[in-house]
There are 2 protein chains.
Amino acid sequence: MSSDNLTKPTESELEILQILWEKGNCTVREVHEILTQNKEAGYTTTLKIMQIMHEKGLVKRDTSSKTHIYSALASQQKTQQHLVSRLIDNAFSGSAARLVMQALGNHTSSKDEIEEIKKYLNELDNK
Amino acid sequence: MSSDNLTKPTESELEILQILWEKGNCTVREVHEILTQNKEAGYTTTLKIMQIMHEKGLVKRDTSSKTHIYSALASQQKTQQHLVSRLIDNAFSGSAARLVMQALGNHTSSKDEIEEIKKYLNELDNK
DNA sequence: TTAGTAATACGAAACAATTCGTAAATAAAA
DNA sequence: TTTTATTTACGAATTGTTTCGTATTACTAA
């Protein structure tokens, strides 16, 4: 499958994708500024990874001006779906329920969030 | 932190850990047989990975007889917890609820599983 | 005892991801 | 125009993972 690349970003690539998903269009500089709020990294490192992401088809870029503008090509929905499925298979013996309970148990979720999930479960029932 | 290794197994290591979590004690041969039900791999490859896991402290082994007996040292619970947290931070902007819904929406979960999760959510409410 | 089988140990090759130095191109400022 | 700063491009070093060939050791059966 040629779309394999689209769903298997590395961790560094994921960090960048998250920024692009949220911001839409970004220069390397903008992405780099956000990245380095949390961790150390050289500018050319960020640049290189984004160039590789372009080669892989994870992002597209507008090169009409000297400073290129990047945006995500990999869909947030599909990427998340793929990562979750892999984790379920990989570490939870294929049981989505076990992953869900692990996720809810240890990440402090607000009452609102829990209500939302209940609503969601009821909808699943009615199918 | 020295326990970092315990919670960041590679994918190959996770495959093996899953087997050890389920079976308890295993020889390399046993693990290898199970692994190769799903994918190709040479015996010495499986062996090598298990040896590295031993160096890293992910597994322990009994070497009193020629055929070594391996078992998991990394706790299933802690490893899963760590992986889920990372995924939530990494790909779901920190929202456990979003991950949960993604997980439930795309993995076909049985009615029993869904009931179990509902029960679990109600318990969470009562805390 | 000898031949064959199955195990471990070890090292190195192959591959992928990350990091960064340096050069070249472009644009902006002096 | 000349200098300075910013950007891209490229290549190479580093690190980590996976894979496997080969040697050695121990056990089993002929």
Side-chain angles (χ1 to χ4, degrees), chain A residues 4-20 25-36 38-71 74 79 83 86 90-91, chain B residues 1-2 4-20 25-36 38-71 74 79 83 86 90-91:
Chain A
D4 253 26
N5 293 330
L6 291 178
T7 50
K8 261 186 212 164
T10 68
E11 286 216 357
S12 299
E13 289 168 350
L14 248 190
E15 287 177 337
I16 290 171
L17 277 179
Q18 278 199 103
I19 293 169
L20 294 178
N25 294 321
C26 286
T27 63
V28 174
R29 177 64 58 189
E30 285 165 345
V31 169
H32 181 67
E33 294 300 324
I34 295 173
L35 277 184
T36 49
N38 303 314
K39 67 165 190 180
E40 293 269 309
Y43 175 80
T44 51
T45 303
T46 305
L47 171 65
K48 179 72 168 192
I49 291 176
M50 290 178 76
Q51 285 171 340
I52 290 172
M53 289 172 78
H54 181 251
E55 281 170 26
K56 290 186 183 176
L58 290 168
V59 300
K60 66 175 186 288
R61 63 182 181 181
D62 175 353
T63 59
S64 58
S65 54
K66 177 184 160 156
T67 304
H68 300 352
I69 311 287
Y70 286 77
S71 56
T79 305
L83 291 170
R86 265 198 347 161
N90 245 354
Chain B
M1 228 206 308
S2 80
D4 252 27
N5 293 330
L6 291 178
T7 50
K8 262 185 214 165
T10 67
E11 286 217 355
S12 298
E13 288 169 350
L14 249 190
E15 287 178 336
I16 290 171
L17 277 179
Q18 278 199 101
I19 292 168
L20 294 177
N25 294 320
C26 285
T27 63
V28 173
R29 176 64 57 188
E30 285 164 345
V31 169
H32 182 67
E33 294 300 324
I34 296 173
L35 277 184
T36 48
N38 302 313
K39 66 164 189 179
E40 293 270 309
Y43 175 81
T44 52
T45 302
T46 304
L47 171 67
K48 180 71 168 191
I49 291 177
M50 291 179 76
Q51 286 172 339
I52 290 172
M53 290 173 79
H54 182 250
E55 281 170 25
K56 292 186 182 175
L58 290 168
V59 299
K60 65 176 188 286
R61 61 181 183 182
D62 175 353
T63 58
S64 58
S65 55
K66 173 180 164 161
T67 303
H68 300 353
I69 311 288
Y70 285 76
S71 54
T79 303
L83 291 170
R86 268 203 339 164
N90 245 352

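First the proteins, then the strands, lettered A, B, ... as listed; each starts at 1. Computed from heavy atoms alone, side chains included, the values below leave out hydrogens, waters and symmetry copies.
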Fill in the blank from the handout: Rounded to whole Å, the NE2-P distance (B:His32 to C:dT8) equals 12 Å
Exercise for the section: Please identify each residue that fulfils side-chain contact (heavy atoms from CB on, under 4.5 Å) with A:Lys66, with sequence neighbours left out. Expected result: none
Problem - 5' priority, DNA chain C, between B:Lys48 and B:Arg29 [closest heavy atom] - result: B:Arg29
Handout entry: Under 3.5 Å: donor-acceptor pair, side chain of B:Glu13, backbone of B:Ile49
Key = no
Exercise for the section: Answer whether the closest heavy-atom distance between the side chains of B:Lys56 and B:Met53 falls below 4.5 Å. Expected result: no
Practice task
Please examine the side chains of B:Thr63 and B:His54, heavy atoms only from C-beta on, and report whether any two atoms are closer than 4.5 Å.
Solution key: no
Exercise for the section: Check whether any side-chain heavy atom of A:Val28 sits under 4.5 Å from a side-chain heavy atom of A:Tyr43, and report yes or no. Expected result: yes
Exercise for the section: Map B:Gln51 and A:Ile49 onto DNA chain C by nearest heavy atom, then report which one ends up closer to the 5' terminus. Expected result: B:Gln51
Handout entry: Atom-pair distance (CD on B:Glu33; P on C:dA6), nearest Å
Key = 11 Å
Problem - Contact summary for A:Ile16 and A:Val31, nearest pair of heavy atoms - result: CG1-CG1, 4.0 Å
Practice task
Within residues 39-46 of chain B, find the residues that approach DNA chain D with a heavy atom at under 4.0 Å, and present them sorted by residue number.
Solution key: B:Gly42, B:Thr44, B:Thr45
Fill in the blank from the handout: In whole angstroms, the gap separating C1' of C:dA16 from CD of A:Glu11 amounts to 14 Å
Practice task
Any chance you could measure A:Leu35, atom CG, to A:Met50, atom CE, to the nearest 0.5 Å?
Solution key: 8.5 Å
Problem - chain A footprint on DNA chain D, 5' to 3' - any atom under 4.0 Å from a heavy atom - result: D:dT6 to D:dG11
Completion exercise
From NE2 of B:His54 across to C1' of C:dT8 the rounded distance in Å is 13 Å
Handout entry: Protein-nucleotide distance (A:Leu35, atom CG; C:dC20, atom P), rounded to Å
Key = 13 Å
Handout entry: Any B:Arg61 side-chain N or O less than 4.0 Å from OP1/OP2 of C:dA7
Key = no
Handout entry: N/O donor-acceptor pair under 3.5 Å between B:Glu30 side chain and B:Thr27 backbone
Key = yes
